[in-house]
**Q** 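Dropping a structure here in structure tokens format, bear with me for questions.
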Number of protein chains: 2
Amino acid sequence: MDPFRLTDDALLVLDQSALPREERWVEVRSAAKMAEAIAGLRVRGAPAIGIAGAIGIWLEAERIAESEGGRAARGSVSASRMKALEASADLLRAARPTAANLAWAVARAMGAGARGAAAADPRAWTAPIRAEALAIWEEDRGHSRAMARYGRQLFATERRFLTHCHTGGLATGGGGTALGVLLEIHRSGRPIQVWATETRPLLQGARLTAWELENEGVPVRLIVDSAAAYVMERRKVEAVVVGADRIARNGDLANKIGTLPLALAARDLGIPFVAVAPSTTIDPGCASGDEIPIEERSPEELLGYQGIPVAPSGLPAENPAFDVTPCRLVTAIVTERGIHRGPAFDLGGC
Amino acid sequence: MDPFRLTDDALLVLDQSALPREERWVEVRSAAKMAEAIAGLRVRGAPAIGIAGAIGIWLEAERIAESEGGRAARGSVSASRMKALEASADLLRAARPTAANLAWAVARAMGAGARGAAAADPRAWTAPIRAEALAIWEEDRGHSRAMARYGRQLFATERRFLTHCHTGGLATGGGGTALGVLLEIHRSGRPIQVWATETRPLLQGARLTAWELENEGVPVRLIVDSAAAYVMERRKVEAVVVGADRIARNGDLANKIGTLPLALAARDLGIPFVAVAPSTTIDPGCASGDEIPIEERSPEELLGYQGIPVAPSGLPAENPAFDVTPCRLVTAIVTERGIHRGPAFDLGGC
């Protein structure tokens with residue numbers, strides 16, 4: 001299942017915030033609308049929001065080109081196009097500050113825009129941006145396939161896995177990261193059992209992971225996030241496998257809030273804790289996890305669920321969307337380039 | 001705030017499953033109704049369900065006495081009374097298998113019943129059972145006061161605490177365990193800041209702890225359970241303080257699911273992890289945590305919230321209500337008898 005459908009002049013985004021209750025597609029034709037879809041978690045998962053960000057740049061370039069009307073390009077056209085586009089790039093990057101892929105993919109699309117910005121024909125400017133965004137998407141599909149293979153190689157015999165949040169096809173350009181590995185093992189014919197954390201506050205584990213695994217015929221059991229340590233011990237889970245939203249050069253990694261306790265429990269039990277993410281999630285600008293910005297989301301996400309209050313209204317709450325797992329707790333990181341073993345990582349060259 | 005109101009022939013139980021949305025009192029006049037209130041978490045917290053269990057035995061004795069009518073007691077009256085009462089004791093104990101206090105308090109009430117069971121006057125049989133149940137309640141209030149003092153002594157300077165689930169007055173006969181300690185420190189004039197986990201699946205932290213702390217004027221911030229490790233590190237939490245449902249002789253302790261990850265995070269950060277529970281929570285029959293039965297509750301508690309599905313219906317789920325924290329992770333256990341320091345506990349004499 002893909003998170004997007006592309007048309008000639010729009011991106012249809014599958015609204016993941018409504019799944020699995022409802023399959024609703026949102027039509028996006030501007031960077032502002034894309035930023036809103038990203039901030040609202042209609043599209044989510046670091047690789048997927050990277051692709052969405054790049055396509056957002058292309059859609060905005062089309063709007064800018066259209067607003068130029070039939071006027072012939074003058075000398076200043078390059079600067080004015082890129083100035084307008086840069087504002088949209090800022091908007092997109094700010095939509096979710098933690099995921100490395102978003103800023104990276106926006107930068108790639110902006111690079112394509114800058115290269116062709118002086119073109120007299122607006123189409124000659126926008127077409128390469130679209131092509132660059134589609135290349136990012138296509139490359140990401142390939143990354144998912146490669147990570148699935150490496151992951152299956154890393155987990156040569158394990159059958160009992162625990163995962164967190166959602167890292168399937170919808171979180172990427174198709175295929176998935178951590179969940180892609182588990183599905184690859186399942187499809188290879190090895191029977192597996194997966195425990196999926198529900199992933200508060202927005203329940204991506206319950207709504208997306210458990211649902212996707214059920215649909216794929218993989219035995220899955222849903223648990224509350226805080227039951228993971230107990231279940232890992234009592235049910236003899238053999239490995240924890242998660243995605244990542246940003247990875248520092250030393251292997252420290254930001255991932256969905258609740259990842260760090262899984263790594264602590266895995267270490268205590270002596271079982272592997274493995275992150276699966278494309279190299280586009282590695283931020284060579286971050287030496288360690290201390291430099292990763294952590295998105296704080298609205299307390300409302302905790303205080304109510306679909307309009308039903310689950311806590312007294314107005315209660316002070318903190319809602320960090322990610323935590324940082326230090327590399328000392330990370331057994332391995334799987335990218336499309338191979339298996340990087342910890343705890344001493346040097347990912348600068350990835 | 002007390003969880004109960006006693007009348008001449010009934011116990012009014014404050015329905016904690018409806019709080020804070022609604023203050024609803026349930027009238028209980030039989031052991032079966034009491035078992036239902038306990039299993040349904042209308043009354044919850046290990047000390048509180050102990051008191052409820054003992055009172056349930058008394059209420060059932062009244063029913064049995066009433067059913068005897070005016071018939072003069074014959075030789076077999078003792079055996080028949082206790083046989084009827086034993087069935088109710090089984091029902092009550094089975095309502096929640098993990099909490100040590102429930103079986104302990106039921107046994108105490110049954111002891112009082114057995115001692116007076118041959119009395120010709122039914123009142124002479126039931127009155128001592130009632131008195132025993134009230135003694136358990138009154139003793140528990142004293143335990144809360146003593147634990148609060150010892151806890152404040154243990155935490156002589158700390159100001160930043162994290163707690164889990166609900167351990168305030170409603171979880172006991174009045175006063176509270178872990179939350180009682182925090183309230184004692186607050187009332188002593190030391191400014192504190194508390195982070196309260198929401199405590200999935202039933203949100204006792206959001207509905208009861210955060211609400212109670214707000215009402216008491218204690219600064220509190222609600223977080224999802226899985227954010228605890230991150231918040232402990234980034235917000236410089238100085239201690240984790242929790243209750244317990246059953247403590248083995250070696251200090252291994254069962255408490256609300258999600259306690260174990262807090263202990264793992266505390267150890268990783270080098271901050272104290274402290275449990276506060278009356279000695280009635282210690283089970284001298286359990287040498288270690290391996291012997292503590294863990295209650296598994298209905299998956300429905302995860303799959304929906306107040307009638308709204310939060311996961312695809314019918315999804316397989318596991319819902320253990322407790323986990324076991326090994327004594328090696330426990331800095332201290334505070335009972336009404338004092339501060340017991342770990343990690344090597346010998347609680348057999350408590």
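A note on names: the letters A, B, ... follow the listed sequences, proteins ahead of strands, and every chain is numbered from 1. These figures come from a predicted structure and were not determined experimentally.
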**Q** Out of A:Thr197, A:Leu315, A:Leu203, A:Asn319, which one racks up the most heavy-atom pairs below 4.5 Å with chain B?
**A**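 Highest number of pairs under 4.5 Å: A:Leu315.
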**Q** What pair of heavy atoms forms the shortest contact from B:Leu302 to A:Glu198, and how long is it?
**A**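 The pair with the smallest heavy-atom distance is O-OE1, 4.3 Å.
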**Q** Using 4.0 Å as the upper bound for N to carboxylate O, is an ion pair formed by A:Asp323 and B:Arg234?
**A**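 Looking at A:Asp323 together with B:Arg234, the answer is no, because their closest N to O distance does not fall below 4.0 Å.
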**Q** Looking only at heavy atoms, which of residues 217-227 of chain A get nearer than 4.5 Å to chain B?
**A**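 When heavy atoms of chain B are the reference, residues 217-227 of chain A contributes A:Val220, A:Arg221, A:Leu222, A:Ile223, A:Val224, A:Asp225, A:Ser226, A:Ala227 within the under-4.5 Å range.
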**Q** With a 4.5 angstrom heavy-atom cut-off, is it the side chain or the backbone of A:Glu214 that approaches chain B, or both, or neither?
**A**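 Contact with chain B is through the side chain of A:Glu214 alone.
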**Q** Out of A:His164, A:Lys256, A:Arg328, which one racks up the most heavy-atom pairs below 4.5 Å with chain B?
**A**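 Sorted descending by pairs with chain B, the first entry is A:Arg328.
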**Q** Taking ring pair (Phe, Tyr, Trp, His ring centres under 6.0 Å) as the definition, give me every residue that meets it alongside A:Phe273, ordered by chain and number, with sequence neighbours left out.
**A**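 Ring pair (Phe, Tyr, Trp, His ring centres under 6.0 Å) check on A:Phe273 returns nothing, list empty.
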**Q** Need one label for A:Pro201: side chain, backbone, both or neither, based on atoms under 4.5 Å from any heavy atom in chain B.
**A**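 Both backbone and side chain.
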**Q** Where does A:Arg21 contact chain B at under 4.5 Å (heavy atoms): side chain, backbone, both or neither?
**A**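 Contact with chain B is absent: no heavy atom of A:Arg21 under 4.5 Å.
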**Q** Taking non-hydrogen atoms and a cut-off under 4.5 angstrom, which of residues 237-255 of chain A neighbour chain B?
**A**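 Against chain B, none of the residues of residues 237-255 of chain A fall inside the cut-off of heavy atoms under 4.5 Å.
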**Q** Where on A:Leu303 is there a heavy atom nearer than 4.5 Å to chain B: the side chain, the backbone, both, or neither?
**A**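 Interface part for A:Leu303: side chain.
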**Q** In sequence, state the C-alpha distance, the side-chain angles, and the governing distance for B:Arg200 and A:Val310, and then conclude on side chain to side chain contact (heavy atoms under 4.5 Å, CB included).
**A** CA-CA 11 Å; B:Arg200 280 284 289 158; A:Val310 302; over 6 Å; no
**Q** State which residues pass side-chain hydrogen bond (donor to acceptor under 3.5 Å, both in side chains) with B:Arg190; sequence neighbours excluded, sorted by chain then number.
**A**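 With sequence neighbours excluded, B:Arg190 shows a side-chain hydrogen bond (donor to acceptor under 3.5 Å, both in side chains) to no residue whatsoever.
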**Q** About how many Å separate CG of B:Leu260 and CD of A:Glu233, when rounded to the nearest 0.5 Å?
**A**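 The distance works out to 7.0 Å.
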**Q** So, for A:Trp211 and B:Pro312, which heavy atoms are closest and what is the spacing to 0.1 Å?
**A**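 Residues A:Trp211 and B:Pro312, closest heavy atoms: CB-CG, 3.9 Å.
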**Q** If you count heavy-atom pairs under 4.5 Å between each of B:Leu329, B:Leu264, B:Val324 and chain A, which one has the most?
**A**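 Heavy-atom pair counts peak at B:Leu264.
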